[in-house]
Amino acid sequence: MSSLSGALTEVVARVFADLGLDPEFGRVTPSNRPDLGQFQCNGALAAAKAAKQNPRAIAEQVAAKLQALPQFRDISLAGPGFINLSLTDAALSGHANKLASDERLGVPGKEPLVVVLDYGGANIAKAMHVGHLRAAIIGEALRRLFLFVGDDTIGDVHMGDWGLQMGMIISELEIRRPDLPYFKASFEGPYPNASPVTVEELEEIYPTAAAACKADLARMEKARLATAELQQGRPGYRALWQHFFDVSMETMKRDYGALGVHFDLWKGEAHVDPLIGPMVEKLKQMGIAHQDKGAWIIPVAKPDDKAEIPPLILVKSDGAAMYSTTDLATIVDRVQEQNPDEILYVVDQRQHLHFEQVFRAAILAGLNGKAKMEHLGFGTMNGKDGKPFKTREGGVMKLQDLIAMMTNAAMERLNEQGIGTDYDEAERREIARKVGLAALKFADLSNHRIANYVFDLDRFVRFEGKTGPYLLYAAVRIKSILRKAEAQEDRPGSILPPEPGERDLILALGGLPDAVMDAYRERAPNKIADYAYGLAQTFSTYYNQFHILSEPDKALLRSRLALCALTLRALELSLSLLGIEVPERM
RNA sequence: GACCCCGUAGCUCAGCUGGAUAGAGCAGCUGCCUUCUAAGCAGCAGGUCGCGUGUUCGAAUCACGCCGGGGUCGCCA
């Protein structure tokens, strides 16, 4: 199946081809002039340019051939050669009935690609904060989208657990507690099973250490040395690292879990450590890596570069690996393990140059197998002042706190509305959680990925208008209607040719595949957010115009129930692709 | 300095593979709850699409140049 406009495109493209014109010009889209028609095709204008003919004449020929087809209620020409098309009500209901029996709601299937998505980036020893939010939310939405469209997806958290930050923490702990066995070179183990620090302590140690290193060169040197020694395999440091990893992993899983973000792989930078040595050796032998100022680098500049692209640093002059090294080795790992067709990096746009370097180096050395690599950057979350978001106290807001805040606001709303006073406490909490998360995710996903966006707490906590809760509300009202219908023994039936007020709803339902495929093609979840909002609005209009349950004509009632059920499925699918859960009632 | 991203209504944002009269939400103003959840619906008002030049029958959309904001530019991630 396809969308309504997709089906029309096929028809009109064939007509263009019959006229000896490029079928590409037959593209049909929903009309931006609903007063003139439901759909439009502007291809006659472009075709005329290419064929050096009169656009109006081409449009007339196309229209004449379309007239012979039964599905059109109206075909008209306007302006220099716009073709306006409207379907008969029978064609609309026919499409709606096909949708109702199609599991994929009209979205076509495709040959699966193996796609690795990298959207984690949480760091060991660092509490997750709002800065991790976008990668998680956008990445999860893309993973679900790719999976639904038909690819084999692998989500990898790719946590930060191998770089200089580890050396900072280890050296800080060594300064504070030099007596620990991990620091005694002569210690022959075994090391204790329990971690010497809790995750809360780690979350304090890391920023303290980072600040100290920034302020003091000698202190930084200590951290660098510890990093290099860790990577070279010093047993005490490795044992310590394992403790950090284990205690951090717990909270990381808790936080991603609370967000409803799933990963198939919980690998980190450290995981590819064994691959680094052989990879570096190979790159040296290939002559791709060069020694420069004590470091090993890979020049990646090209003659036609607009800007000078600095070389990738493969091995630092102190012998340690850095994130460019682990990112390359991670590509090697992924090619070995999954042999992906695509690797998508959902990472802050500020790292764009880094990925350009990594991709170029990977391609130079042929490390990427058949994989196309793509950096899907996203903008920064800023405060109202246009600077990166800070709490009123000037700190970073922890993810946990943000989620709690959204949930509380939702609970308050529930209380205000006086709704759900008869629900048990557990259900109320569950509703508040879903509403809060929906608000958070929808606010993020309805923005275009690449743009920075303003994180305004006051606005976030409002649930009116173009928000996640609005969408849940629309879905929940439909569920309520269907439950009541079920209780009075009325069930969805065949969809009848629509009355004028029903046409818009079917047209909106028929557009879902376009939204999904556009979002897929452009890796842009906001297209789905937009679609879902538009559909919810169209349904709300419908809901206010027709009172469904009181319809005395049973066939009509069953038709309307079917439209409701179909709308609910379209809404739930769109929302699930965004990672948003719908409660039964709210 | 070079390069990248952004600049659309008072505010927050869609729209950008060129197409007709540029859309939403919030804020403001008018109406609509004795029938399915008013977290809603109907309506009004609000715009030199940063500025300029160019390409085109046609530019918010493409190209070039400015202006403004953000970012990046070899051993942090």
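When reading the values below, keep in mind they use all heavy atoms of this one structure, side chains included, and skip hydrogens, waters and symmetry mates. Below, read A as the first sequence line, B as the second, and so on, with proteins coming before strands; counting in each chain starts at 1. Since we're looking at a predicted model, the values are computed, not measured.
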S.K.: Please confirm whether the shortest side-chain N or O distance from N32(A) to OP1 or OP2 of G23(B) is below 4.0 Å.
M.R.: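 Answer no for this pair, as no side-chain N or O of N32(A) is under 4.0 Å from OP1 or OP2.
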S.K.: Applying the Watson-Crick and G-U wobble criteria at under 3.5 Å, what pairs with C33(B)? Answer none if nothing qualifies.
M.R.: none
S.K.: For the pair made of CZ in F359(A) and C1' in C4(B), what is the distance, rounded to whole Å?
M.R.: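 Interatomic distance, CZ of F359(A) to C1' of C4(B): 15 Å.
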S.K.: With heavy atoms under 4.0 Å as the rule, sort K466(A) into base, sugar-phosphate or nothing.
M.R.: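 Counting heavy atoms under 4.0 Å across all strands, the contact made by K466(A) is with sugar-phosphate only.
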S.K.: Across the strands shown, which category fits Y470(A) at heavy-atom distances under 4.0 angstrom: base, sugar-phosphate, nothing?
M.R.: sugar-phosphate
S.K.: Partner lookup for A38(B), please. Criteria are Watson-Crick or G-U wobble with both distances under 3.5 angstrom; report none if nothing qualifies.
M.R.: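 The base-pairing partner of A38(B), which may sit in any strand shown, does not exist here.
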S.K.: For the residue pair Y470(A) and F463(A), is the inter-centroid distance of their aromatic rings smaller than 6.0 Å?
M.R.: no
S.K.: With respect to the phosphate group of C16(B), does any side-chain polar atom (N or O) of K527(A) fall under 4.0 Å of OP1 or OP2?
M.R.: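 It does, given that an N or O in the side chain of K527(A) lies less than 4.0 Å from OP1 or OP2 of C16(B).
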S.K.: Whether K479(A) contacts C36(B) is assessed here as follows: a side-chain N or O lying under 4.0 Å from the phosphate OP1 or OP2. Is that the case?
M.R.: no
S.K.: How many whole angstroms separate atom OH of Y453(A) from atom P of G25(B)?
M.R.: 20 Å
S.K.: When you check the phosphate oxygens OP1 and OP2 of A27(B), does a side-chain N or O of R462(A) lie under 4.0 Å from one of them?
M.R.: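 Checking A27(B) against R462(A), no side-chain N or O comes under 4.0 Å of OP1 or OP2.
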S.K.: Among U37(B), A14(B), G74(B), find the nucleotide with the atom closest to the side chain of M586(A).
M.R.: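 It is U37(B).
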S.K.: With a 4.0 Å cut-off on N to O distance, would you call E486(A) and R483(A) a salt bridge?
M.R.: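 So E486(A) does not pair with R483(A) through a salt bridge.
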S.K.: Given A24(B), A77(B), C57(B), identify the nucleotide with an atom nearest to the side chain of Y533(A).
M.R.: A24(B)
S.K.: Scan L414(A) against the nucleic acid and name what it touches under 4.0 Å (heavy atoms): base, sugar-phosphate only, or nothing.
M.R.: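 The answer is base, as L414(A) lies within the cut-off (heavy atoms under 4.0 Å) of a base atom.
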S.K.: Taking atom P of G71(B) as reference, at what distance in whole Å does atom CZ of F355(A) sit?
M.R.: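 Rounding to the nearest Å, CZ of F355(A) and P of G71(B) are 19 Å apart.
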S.K.: Any donor-acceptor pair under 3.5 Å between the side chain of N382(A) and the base of G70(B)?
M.R.: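 Donor-acceptor pair under 3.5 Å: no.
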S.K.: Does the structure show a Watson-Crick or G-U wobble partner for G1(B), both distances under 3.5 Å? Name it, or say none.
M.R.: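 Partner of G1(B): C73(B).
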S.K.: Any donor-acceptor pair under 3.5 Å between the side chain of N544(A) and the base of A38(B)?
M.R.: no
S.K.: Using both distances under 3.5 Å as the test, list the Watson-Crick or G-U wobble partner of G46(B), or none.
M.R.: none
S.K.: Would you call the rings of W162(A) and W241(A) parallel, tilted or perpendicular if under 30° counts as parallel and over 60° as perpendicular?
M.R.: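 Plane angle over 60°, so perpendicular.
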S.K.: For A63(B), which nucleotide is its Watson-Crick or G-U wobble mate, given both distances must be under 3.5 Å?
M.R.: U53(B)
S.K.: Can you tell me if T541(A) touches the phosphate of A42(B), counting only side-chain N or O atoms and a distance under 4.0 Å to OP1 or OP2?
M.R.: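 Answer is yes, contact under 4.0 Å.
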S.K.: Would you say R459(A) reaches A27(B)'s phosphate, i.e. side-chain N/O to OP1/OP2 under 4.0 Å?
M.R.: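 Result: no.
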S.K.: Of the candidate nucleotides G58(B), G19(B), G71(B), which contains the atom at the shortest distance from the side chain of R350(A)?
M.R.: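 From the listed options, G71(B) comes nearest.
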S.K.: With a cut-off of less than 4.0 Å, is there a side-chain N or O of S480(A) near OP1 or OP2 of U37(B)?
M.R.: yes
S.K.: Does G163(A) reach a base, just sugar-phosphate, or nothing at all? Heavy atoms under 4.0 Å.
M.R.: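 Answer is sugar-phosphate: G163(A) comes under 4.0 Å of backbone atoms only.
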S.K.: Closest to the K484(A) side chain: C36(B), G74(B), U72(B)?
M.R.: C36(B)
S.K.: Rounding to a whole Å, what distance do you find between F39(A):CZ and A20(B):P?
M.R.: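 It is 18 Å, rounded to the nearest whole Å.
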S.K.: What nucleotide, of A14(B), G19(B), C4(B), holds the atom closest to the side chain of D530(A)?
M.R.: A14(B)
S.K.: Looking at U72(B), does its base get a donor-acceptor pair with the side chain of H352(A) below 3.5 Å?
M.R.: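 Check fails, no donor-acceptor contact within cut-off.
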S.K.: State whether Y543(A) places a side-chain N or O below 4.0 Å from either non-bridging phosphate oxygen (OP1 or OP2) of C33(B).
M.R.: no
S.K.: May I have the distance from Y473(A) (atom OH) to C33(B) (atom P), rounded to whole angstrom?
M.R.: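 Result: 15 Å.
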S.K.: Quick check against the 3.5 Å criterion: does Q488(A) have a side-chain atom that pairs as donor or acceptor with the backbone of D490(A)?
M.R.: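 Such a contact is absent between Q488(A) side chain and D490(A) backbone.
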S.K.: OP1, OP2 of G70(B) versus side-chain N and O of Q349(A): anything below 4.0 Å?
M.R.: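 No, Q349(A) has no side-chain N/O under 4.0 Å of OP1/OP2 on G70(B).
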S.K.: Is K302(A) paired with D305(A) through a side-chain N to carboxylate O contact shorter than 4.0 Å?
M.R.: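 Salt bridge absent between D305(A) and K302(A).
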S.K.: For the pair made of CD1 in I548(A) and P in C36(B), what is the distance, rounded to whole Å?
M.R.: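 Between P of C36(B) and CD1 of I548(A): 12 Å.
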S.K.: Checking all strands, does E412(A) fall into the base, sugar-phosphate, or nothing category for heavy-atom contacts under 4.0 angstrom?
M.R.: nothing
S.K.: Which word best sums up how the rings of F389(A) and F455(A) line up, parallel for under 30°, tilted for 30 to 60°, or perpendicular for over 60°?
M.R.: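 Answer is perpendicular, since the angle exceeds 60°.
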S.K.: Roughly, in whole Å, what's the span from CD in E356(A) to P in C5(B)?
M.R.: 12 Å
S.K.: Both distances below 3.5 Å, Watson-Crick or wobble geometry, any strand: find the nucleotide opposite G68(B).
M.R.: C6(B)
S.K.: Among C73(B), C13(B), C26(B), find the nucleotide with the atom closest to the side chain of P310(A).
M.R.: C73(B)
S.K.: Answer with yes or no after comparing the ring centroid distance for F378(A) and Y453(A) against a 6.0 Å cut-off, counting only values under it.
M.R.: no
S.K.: To the nearest Å, give me how far apart CG (D318(A)) and P (C75(B)) are.
M.R.: 12 Å
S.K.: Regarding S317(A), tell me which of base, sugar-phosphate or nothing describes its non-hydrogen contacts under 4.0 Å with the strands shown.
M.R.: base
S.K.: Start with the C-alpha gap between L471(A) and L575(A), add the side-chain angles, then the distance that decides, and say whether side-chain contact (heavy atoms from CB on, under 4.5 Å) holds.
M.R.: CA-CA 8 Å; L471(A) 294 171; L575(A) 289 170; 3.8 Å; yes
S.K.: Nearest 0.5 Å, please: how far is CG in L314(A) from CD1 in I298(A)?
M.R.: 4.5 Å
S.K.: Does K306(A) have a side-chain nitrogen or oxygen under 4.0 Å from the phosphate oxygens OP1 or OP2 of C4(B)?
M.R.: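 Looking at the OP1 and OP2 atoms of C4(B), one of them is under 4.0 Å from a side-chain N or O of K306(A).
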S.K.: For the backbone of A125(A) and the side chain of E203(A), can you confirm whether one donor and one acceptor N or O come within less than 3.5 Å of each other?
M.R.: no
S.K.: With the side chain of E269(A) defined as its heavy atoms from C-beta on, choose the nearest nucleotide among A77(B), A14(B), A20(B).
M.R.: A77(B)
S.K.: What's F546(A) touching, base or sugar-phosphate or nothing? Going by heavy atoms closer than 4.0 Å.
M.R.: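 Base contact.
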S.K.: Which nucleotide in the set G19(B), A38(B), G25(B) lies at the smallest distance from any side-chain heavy atom of Q537(A)?
M.R.: G25(B)
S.K.: Give one of base, sugar-phosphate or nothing for R27(A), where a contact means two heavy atoms less than 4.0 Å apart.
M.R.: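 Base contact.
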S.K.: Select one nucleotide: of C36(B), G15(B), C76(B), the one nearest the side-chain heavy atoms of N526(A).
M.R.: G15(B)
S.K.: What about Q40(A), does its side chain sit under 3.5 Å from the base of A20(B) through a donor-acceptor pair?
M.R.: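 Looking at the base of A20(B), it does pair with a donor or acceptor on the side chain of Q40(A) (distance under 3.5 Å).
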S.K.: Counting any heavy atom closer than 4.0 Å, what does L353(A) reach on the DNA or RNA strands: base, sugar-phosphate only, or nothing?
M.R.: sugar-phosphate
S.K.: Let's see if you can work this out: which of C75(B), A20(B), G40(B) has an atom nearest to the side-chain heavy atoms of N84(A)?
M.R.: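 Per side-chain heavy atoms of N84(A), the pick is A20(B).
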S.K.: Which part of the nucleic acid, if any, lies within contact of A210(A), taking any heavy atom under 4.0 Å across all strands shown: a base, the sugar-phosphate backbone alone, or nothing?
M.R.: nothing
